[in-house]
Amino acid sequence: MADPFYITTAIHYPNGRPHIGHAYEMIAADAIARFQRQAGRDVLFQTGTDEHGLKMVQAARDRGVPVREFADEMSSYFSAMADRLEISYDRFIRTVDTDHYAASQAIWQAMADAGDLYLDRYEGWYSVRDEAFYDEAELTGEGDDRRSPQGTPVEWTAEETWFFRLSKYQQPLLDLYAANPDFIRPESRRNEVMRFVEGGLSDLSVSRTSFDWGVPVPGSPGHVMYVWVDALTNYLTGTGYPHTGQNTGAADSDLARFWPADLHLIGKDIVRFHAVFWPAFLMSANIPLPKSVFGHGFLLTRGEKMSKSVGNVVDPMALADAFGVDALRYFFLRDVSFGQDGSYSPEAIVMRVNAELANSFGNLAQRTLSFIAKNLDGALPAEGTVDPADGQLIEEVIVACAAFKAGFTDLALSHAIEAWMRGVFACNQYIDAQAPWALRKTDPERMNAVLGTLVRAIRMLAIAIIPVVPSAAGKVLDQIGADARDHAAIDDDGWYARTAASAFRIVAPTGAFPRLELPQDAEA
């Protein structure tokens, strides 16, 4: 059986429509999932929406609709966005799902059985926007204008609550970070979390009585779980947790093999919940810990953080309509150093995509395949007269594809694409130097070798870049009759000979990577 690989995004909070930051996280996770499938892994990829909590109650009240009706509508926008962006998820989970209620109550009971939950009264500062509690020392401002570390307003909250003994897990967490340096990535996030935990941990309020929109606490009428308890548990729900007891079907036991998760991909603003609270909950419940939490950066609009008040929040569906899904995916994964903040604008998208996809790889494939269709009746040319330059190009492309694979394996996504581009540039230098259009009249045998070399290189490069631009890369591979798309296919030396000997013919191709034009309303 193939080696399992479980990747998740954060489940997105649907108190508003999705913005480009949600799309960026989904695109990055999707590219990683596709890459791991190409590597032969059996991938489980989960995304979804986190629908409980006070923010949802308030947003529904402002709309004048029942909260479940509001949740259904808003969640549908996120699933529609995922489908529009060709996100290859295996499950779109919602925290209102029946099996998720069972999973949340099961982990709660496991923490209670460990003696880590106790009933008391909470008085302290709470940010509704963050759905997070903060100590006095973490706040800025004074009086009625106190702010969380994220800059969000906080309010004084007092109510009966269940507490989780988070303080008990300070040293176990520090031991975890020391023994597993890759548990939190990138390193800057790891350092932030370690400083936070080293400063001391207070016990955490994990239930609310001021509203009832949430998972009921087992055996404690009037209490619903703090939204982060049930939100984080979604990752277990996706693997059929609990694996004994309520859920004992064959499907559960099959999904159970995906835990522990290989990668939780999240925004940097929620690293604390995933790298402190989540492993502590799991330690308490005696459940294996995920292997890695990666906190990516923010997307900035022309260098500014997106804000509804500023009016620069961008609809990802509008961007996809304006530029195309593959172009959008390529830009975000190429231009943003993964783990750091990145900036984008319509001008930057057009410039990057035209320079590298349309003018470089797209033009390379288009003129090579068009030439074969026109001058060789679409048949892949025979071996012809070989030159050392041919082998040198193939070697450069092999090295570029290997560097791409290494970069993706290490989650250095933009560096991986940069390495891939070196292979594309080498091909363009080769075709310009060899000039097959001139060889057609002076040396047809040499022309055949050049064209055959280019088709081999284009196939390898197209397979490598599939995780980033799945539709366009697949279109190029369809045009040359290359069905195998996994990593092993890149190294398949016999593909060309088999295809050339078959009845396959290249027809006049349509461009897989069209040039972009800046929309007239780009500023809007």
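Residue R498 holds its CZ atom at 9.5 Å from CG of D493, rounded to the nearest 0.5 Å. Between atom CZ of residue F338 and atom CG of residue D410 there is a gap of 11.5 Å, rounded to the nearest 0.5 Å. Note: L265 CG to E25 CD = 5.0 Å, rounded to the nearest 0.5 Å.
Looking at L176 and P279, their side chains come closer than 4.5 Å, going by heavy atoms from C-beta outward. Side-chain contact check for C427 versus I458: every heavy-atom pair is 4.5 Å or farther apart. Residues R456 and L393 have side chains not in contact (no heavy-atom distance under 4.5 Å, counting atoms from C-beta outward). Taking the side chain as every heavy atom from C-beta outward, D326 and K475 never approach each other to under 4.5 Å. When side chains are defined from C-beta on, P467 counts as touching F408, because their heavy atoms get closer than 4.5 Å. Counting heavy atoms from C-beta on, the side chains of I506 and L376 never come closer than 4.5 Å. For the pair H264 and L232, the minimum side-chain heavy-atom distance is 4.5 Å or more.
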Kindly determine whether I184 and M194 satisfy side chain to side chain contact (heavy atoms under 4.5 Å, CB included), including the steps that lead there.
CA-CA 10 Å; I184 308 170; M194 288 184 66; 5.6 Å; no

Does the pair C401 and L461 meet the rule for a side chain to side chain contact (heavy atoms under 4.5 Å, CB included), with working shown?
CA-CA 7 Å; C401 291; L461 290 167; 4.2 Å; yes

For side chain to side chain contact (heavy atoms under 4.5 Å, CB included), just list the numbers for V397 and R459, CA-CA rounded to whole Å, side-chain angles, deciding distance to a tenth of an Å, and then say yes or no.
CA-CA 10 Å; V397 170; R459 183 187 70 89; over 6 Å; no

After noting the C-alpha distance and the side-chain angles of I465 and F404, does the key distance pass the side chain to side chain contact (heavy atoms under 4.5 Å, CB included) rule?
CA-CA 8 Å; I465 203 65; F404 177 91; 3.8 Å; yes

Test Q434 against D390 for side-chain hydrogen bond (donor to acceptor under 3.5 Å, both in side chains), laying out the working first.
CA-CA 10 Å; Q434 299 299 324; D390 307 340; 5.4 Å; no

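In this structure, H296 and Y24 have perpendicular ring planes: the angle between them is above 60°, well past the 30° mark. Between H12 and F78, the ring planes lie parallel to each other; the angle is under 30°, not in the 30° to 60° tilted range. Taking the six-membered ring for Trp and thresholds of 30 and 60 degrees, F277 and F273 have ring planes more than 60 degrees apart, a perpendicular arrangement.
F331 does not carry R352 over the face of its six-membered ring by the limits of under 6.0 Å from the centre and within 45° of the normal. A cation-pi contact, defined as under 6.0 Å to the ring centre and within 45° of the axis, is absent between K405 and F35.
What you find for F371 and P436 is that their closest heavy atoms are CZ-O, 3.7 Å. Closest approach of R446 to T385, counting heavy atoms only: NH1-O, 2.9 Å. In terms of heavy atoms, Y6 sits closest to T239 at CE2-CG2, 3.4 Å. Of all heavy-atom pairs spanning S502 and T499, the tightest one is OG-O, 2.6 Å. The two residues I270 and I266 have their closest heavy-atom pair at O-CD1, 3.7 Å.
Remark: the backbone N or O of A365 is not paired with any side-chain donor or acceptor of T368 at under 3.5 angstrom.
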